[in-house]
Protein chains: 2
Amino acid sequence: MATIKDIARLTGVSCTTVSNVIHGRTGRVSAETIEKINKAIEELRYVPNMSARSLVSNSSKVIGMINHIIPKNDQNLMEDPFQSSFLGAIERTLRENGYYLMLRTVETSEELITFLRNWNVDGLFFTGIFKDQFFDALSTLKIPIVLIDSYVQHPNICNVGLEDFKGSYTATKYLIDHGHRRIAFASPSIRDGGVLQERFYGYKAALTEHSIPFDKKLVFEYEMDIASCMALASELVQIPDITGLVVTADVMAAGIMAGLRKHGKKIPDDISIVGFDDISLCSMTTPTLTTIHQDIHLKGKIAVELMLKKLEGVEPEKTEIILPTYLVERESVRSI
Amino acid sequence: MATIKDIARLTGVSCTTVSNVIHGRTGRVSAETIEKINKAIEELRYVPNMSARSLVSNSSKVIGMINHIIPKNDQNLMEDPFQSSFLGAIERTLRENGYYLMLRTVETSEELITFLRNWNVDGLFFTGIFKDQFFDALSTLKIPIVLIDSYVQHPNICNVGLEDFKGSYTATKYLIDHGHRRIAFASPSIRDGGVLQERFYGYKAALTEHSIPFDKKLVFEYEMDIASCMALASELVQIPDITGLVVTADVMAAGIMAGLRKHGKKIPDDISIVGFDDISLCSMTTPTLTTIHQDIHLKGKIAVELMLKKLEGVEPEKTEIILPTYLVERESVRSI
DNA sequence: TTGTAAGCGTTATCAC
DNA sequence: GTGATAACGCTTACAA
């Protein structure tokens, strides 16, 4: 509970000098005073009070990781509230740079703004933002914002994302190259201007390029939980000429595989599947899952780097970073 | 950026009155003043400055979720830094009660204490704490602490955990009842006074109760990542008389299954496996995984309830909550 | 029923 | 080189 005042008293100097030493503004402080102050800081176990700092400086060293729930699918997000290994990477790097991470779920832009002002939040991370009123509100904020996996453009806002289009295109082409023609697409609800839409476009582009007519009936929009995947599988088996399936997430692919198996379908003999993400689960399924790889850790690292640059007032050279994806071949696709 | 002062000015009352109205201390404020103030708050979009509040009240409404890394296995924790669906449940309930959640990784108790004092943190959650010096430091803190999945006792500290012993005992007995005698135990590093040790004891107790000699060679301590699971599987197949396997986590069980499959082993024909947790992955493996179920969501909910009680100054009737576990029968065990 | 004023811990301006 | 002092936004005795 020692304060700057205590340090000042103990060392017989003023608060100003203590503060200056703490902040390394030692240009005009005698070496011996510095020594004394540092010793006192040690002894009294002084720890800065961030609230006080925040109050006076209008900045808080708090970075918010925002989970924007849209009413209809909050349940879903709660299941995997913030892609966790990602969170770990972010917290670590922020901490190493003297920042603090607050997690916050918001539903409306009002809630968000209230939160920001409550704490003088210095910067924000978001994942999966869409081009809607919520984003419009975002774009008026003056603090650094880094979006992850979002396809919305704004001069002041950084983006870290993936080659979603290319990834999905590659997955589809891979199936086509293996002789598949009736290829379905499975994904959680595809929203305009979102990651999943890009992946959907990639799928369509590959079809078109190979003169395969796009068939709306082969697009399955289902949630990612296991029950939905089972239901999706039941639908899938109703269309017996489907031989290939592109899925926008590995967990979903695994769920669908389990569902198909229940219906007596063999993978890849009856249906070939390509996933997306390349999480460790891919090596655990039977058969192992061919998928599109992304480096989630790198995504986190780069997101923080952009954030730190902006916090320091440096405008990053590139505000739009697209990380590569590539196909990892495993056992879930066969040639026909 | 409106402050209490602005409200006061606009409505022609004092800061005190505004503050009183904000905090519902309207006992001695005229209805019409209240009305005026509330309108002004609306109009000026007043949002309380938590730093200022925190500064004056020595409490911050910030709850810390602490990730205690111990040097040797930080890598591992980073992979699943904070059990995510759990985090979601916690953040949600806290938020509904006016609290904020900060995530923080600490390595030493000094780091933790610095963090607490930086922000006047009001309460702490921890998962998987052991009986070590770090815990000793914890127990001297005077803020509410809720431990999750920890077997350390302290009068002021709440615990939310599972029937770990019983769960593991049940898993082992289930294998025994299905005719298995050579039953191995696979787990991440078993530390004294931890969850995994309890599970280990449960395993041993079941063996003993059925007069099966405990064999140290059948205990495999490996990390949970896929590579370690593969390695574990390679070891496992060296001991051909093993017919059953109790694993302390589903992800690990799934990884081992994948490894065994690589070695040409059939599950459950060659080896029967029981997992722990009952995550959705269990329905996706081939065969589906028989496991010990726990309600992770409930665990989060109860943890927050305990926390809120303590924050309100109410000592909870029970400071030690043990949630039930039960076996979920799937396909990974066969009778012999 | 409402207002005054001190103080929380820190920083920053300016003066010495 | 160092020190007063005001200010940040809010709460809370204590007055009125």
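Chain A is the first sequence line, chain B the second, and so forth, proteins listed ahead of strands; every chain is numbered from 1.
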- Item | Residue whose nearest DNA chain C nucleotide is more 5′ - B:A52 or B:G12 |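 Looking at DNA chain C, the more 5' nearest nucleotide goes with B:G12.
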- Message: Between B:N58 and A:V56, which residue's closest nucleotide on DNA chain C lies nearer the 5′ terminus?
- Response: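 Whichever sits nearer the 5' end wins; that is B:N58.
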- Message: Could you check whether any side-chain N or O of A:R117 sits under 3.5 Å from a backbone N or O of B:R45, counting only pairs where one atom can act as donor and the other as acceptor?
- Response: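 Judged by distance alone, yes, a pair lies under 3.5 Å.
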Spacing of [X] atom [atom1] relative to [N] atom [atom2], expressed in whole Å:
X: A:N118; N: D:dG9; atom1: CG; atom2: C1'; answer: 13 Å
X: B:I41; N: D:dC10; atom1: CD1; atom2: P; answer: 10 Å
X: A:N120; N: D:dC8; atom1: CG; atom2: P; answer: 13 Å
X: B:L55; N: D:dT11; atom1: CG; atom2: C1'; answer: 10 Å
X: B:R9; N: C:dG3; atom1: CZ; atom2: P; answer: 14 Å
X: B:K61; N: D:dT11; atom1: NZ; atom2: P; answer: 12 Å
X: A:I22; N: D:dT2; atom1: CD1; atom2: C1'; answer: 16 Å
X: B:K5; N: C:dT4; atom1: NZ; atom2: P; answer: 13 Å

- Message: So, taking the atom named CD1 in A:I157 and the one named CZ in A:F135, what distance separates them when rounded to the nearest 0.5 Å?
- Response: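 Result: 4.5 Å between the selected atoms.
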- How many angstroms lie between OG1 in A:T127 and CD1 in A:I148, if you round to the nearest 0.5 Å?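 Reported to 0.5 Å precision, the distance equals 6.5 Å.
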Distance below 4.0 Å between [X] side-chain N/O and [N] OP1 or OP2:
X: B:T3; N: D:dG9; value: no
X: B:R53; N: D:dG9; value: no
X: A:S30; N: D:dG1; value: no
X: B:R25; N: D:dT12; value: yes

Pick base, sugar-phosphate or nothing for [X], based on heavy-atom distances below 4.0 Å to the nucleic acid.
X: A:T33; answer: sugar-phosphate
X: B:S19; answer: base
X: A:R117; answer: nothing
X: A:T16; answer: base

- Taking all non-hydrogen atoms of both residues, which atom of B:D149 and which atom of B:G161 are closest, and how far apart?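 Closest approach of B:D149 to B:G161: OD1-CA, 4.0 Å.
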- Residue B:V29, side-chain heavy atoms: nucleotide from C:dT2, D:dG3, D:dC10 that is nearest: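 In terms of side-chain proximity for B:V29, the closest of C:dT2, D:dG3, D:dC10 is C:dT2.
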- Counting side-chain heavy atoms from CB outward, which of D:dT11, D:dG3, C:dG3 is closest to B:C15?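 Of the options given, the side chain of B:C15 lies nearest D:dT11.
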- Task: Give a yes or no on whether a salt bridge exists between A:K309 and A:E305, defined as a side-chain N under 4.0 angstrom from a carboxylate O.
- Result: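 Salt bridge: no.
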